[in-house]
Amino acid sequence: MTQRRPLIAGNWKMNCLRADGLALASSLAAKAKEKGALGCDVLVCPPATLLSDVVGVTHGSAVAVGGQDCHAAVSGAHTGDVAATMLADIGAQYVLVGHSERRADHGESSTDIRKKAIAAHDAGLIAVVCVGETEEERDLGATLAVVNGQVAVSLPEGATAKNTVVAYEPVWAIGTGRTASVAEVAEVHAAIRAELVKRFEDGNEFRILYGGSVKPSNAKELMAVEDVDGALVGGASLKVEDFWQIIESCA
Ligand SMILES: O=C[C@H](O)COP(=O)(O)O
């Protein structure tokens with residue numbers, strides 16, 4: 001069986017002013033240093049305003065830093081956007097692309113996401129490509145078709161297990177306290193794995209994260225599901241003790 005090192009990623013979304021964000025990142029880095037070898041890779045994705053400082057305070061620790069989005073272009077007249085090259089330039093190693101909040105708030109399509117993933121790869125970043133169905137799509141029985149369709153279009157030809165992570169986040173489970181059941185998670189992750197194996201030589205090695213109301217109380221159970229290789233955590237990543245317990249669930 002392929003051994004995949006889990007990734008626990010914290011998406012801070014549009015939260016944290018400077019003092020709180022730096023305190024959170026410093027505490028995590030200190031805990032990681034004190035613990036030594038961890039059972040997973042750890043990533044935090046702060047808002048753009050804090051990226052550079054968080055890179056600074058986590059330097060030399062096991063905590064990697066990522067952006068929450070990037071533009072598909074390297075530079076140009078795109079007011080308010082950030083290029084993947086800019087993220088790499090300040091020391092970020094990852095970038096989230098296609099989060100459902102970007103898809104909903106900014107009308108991003110899977111074609112847009114693929115372009116962003118290519119930009120991330122070209123900049124030397126690992127793209128965390130997010131996919132997931134809405135509640136309506138699940139009720140219609142369209143979950144696997146929707147998710148497989150997003151995976152097929154959002155992942156570029158050049159994706160590999162080294163430069164790409166897939167994050168499955170059912171939209172109805174994000175920030176709602178409702179977590180997908182183990183059976184629901186297992187079914188979708190198996191379908192994503194099959195899609196990856198069909199398309200990519202190293203499809204078995206891609207990490208597939210689950211996201212949607214992951215918390216200390218359900219992390220262990222979710223991490224034990226076949227083909228769940230970590231978590232993309234929103235709310236619980238803003239509390240150092242909660243996020244740390246989720247990290248420890250991979251031990
Ligand atoms: O990116 C993270 C997800 O949207 C999950 O957020 P949540 O853990 O607050 O449900």
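Order of listing sets the numbers, starting from 1, for every ligand and every atom in it. These values consider heavy atoms only, across backbone and side chains, with no hydrogens, waters or symmetry-generated copies. What you are looking at is a predicted structure, and each value in this text was computed from that prediction instead of being measured.
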Legend entry - Path from Leu222 to Phe243 over hydrophobic side-chain contacts below 4.5 Å: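 Yes, Leu222 and Phe243 fall within the same hydrophobic cluster.
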Inset, instruction - Tell me whether Val128 is reachable from Leu28 by hopping between hydrophobic residues (I, L, V, M, F, W, Y) whose side-chain heavy atoms are closer than 4.5 Å. - result: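 In one cluster: no.
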Inset, instruction - Go through ligand 1 atom by atom and flag the ones less than 4.0 Å from a non-hydrogen atom of Gly175. - result: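 The list of qualifying atoms is 7 (P), 9 (O), 10 (O).
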Inset, instruction - Number the atoms of ligand 1 from 1 as they appear, then name those within less than 4.0 Å of a heavy atom of Gly235, with their elements. - result: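 Answer for ligand 1: 7 (P), 8 (O), 9 (O).
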Do any heavy atoms of [X] fall under 4.0 Å from ligand 1?
{"X": "Lys13", "answer": "yes"}
{"X": "Ala173", "answer": "yes"}
{"X": "Ser213", "answer": "yes"}

Legend entry - Heavy-atom closest pair, residues Ala180 and Pro170: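 Looks like CB-CG, 4.2 Å.
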Legend entry - Ion pair Glu248/Lys220, N-O distance below 4.0 Å: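 No salt bridge links Glu248 with Lys220.
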Atom pairs and distances, side-chain donor-acceptor, residues 59-70, under 3.5 Å, sequence neighbours left out:
unit_1	atom_1	unit_2	atom_2	d
Ser61	OG	Thr58	O	2.7
Ser61	OG	Val63	N	3.1
Gln68	NE2	Lys13	O	2.9
Gln68	NE2	Cys45	O	3.0
Gln68	NE2	Pro46	O	3.4
Asp69	OD1	Lys116	NZ	2.8
Asp69	OD2	Arg102	NH2	3.2
Asp69	OD2	Lys116	NZ	3.3

Inset, instruction - Taking atom NZ of Lys115 as the centre, report whether more than 12 heavy atoms of other residues, nucleotides or ligands fall under 6.0 Å from it. - result: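 No.
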Inset, instruction - State whether the number of non-hydrogen atoms from other residues, nucleotides or ligands found under 6.0 Å of Arg199 atom CZ is greater than 12. - result: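 Yes.
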Inset, instruction - Starting from atom 5 (C) of ligand 1, locate the nearest protein heavy atom and write down its residue, its atom name and how far away it is, to 0.1 Å. - result: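 Answer, as residue, atom name and distance: Glu169 OE2, 3.5 Å.
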Inset, instruction - With atom 8 (O) of ligand 1 as the reference point, say which of Pro170, Gly234, Gly212 has the nearest heavy atom. - result: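 It is Gly234 that holds the nearest heavy atom.
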Inset, instruction - May I ask you to identify, for Asn11, whether its side chain, its backbone, both or neither come under 4.0 Å of ligand 1 on a heavy-atom basis? - result: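 It is the side chain that gets close, since no backbone atom is under 4.0 Å.
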Legend entry - N or O pair under 3.5 Å between Ala236 and ligand 1: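 No, no N or O pair falls under 3.5 Å.
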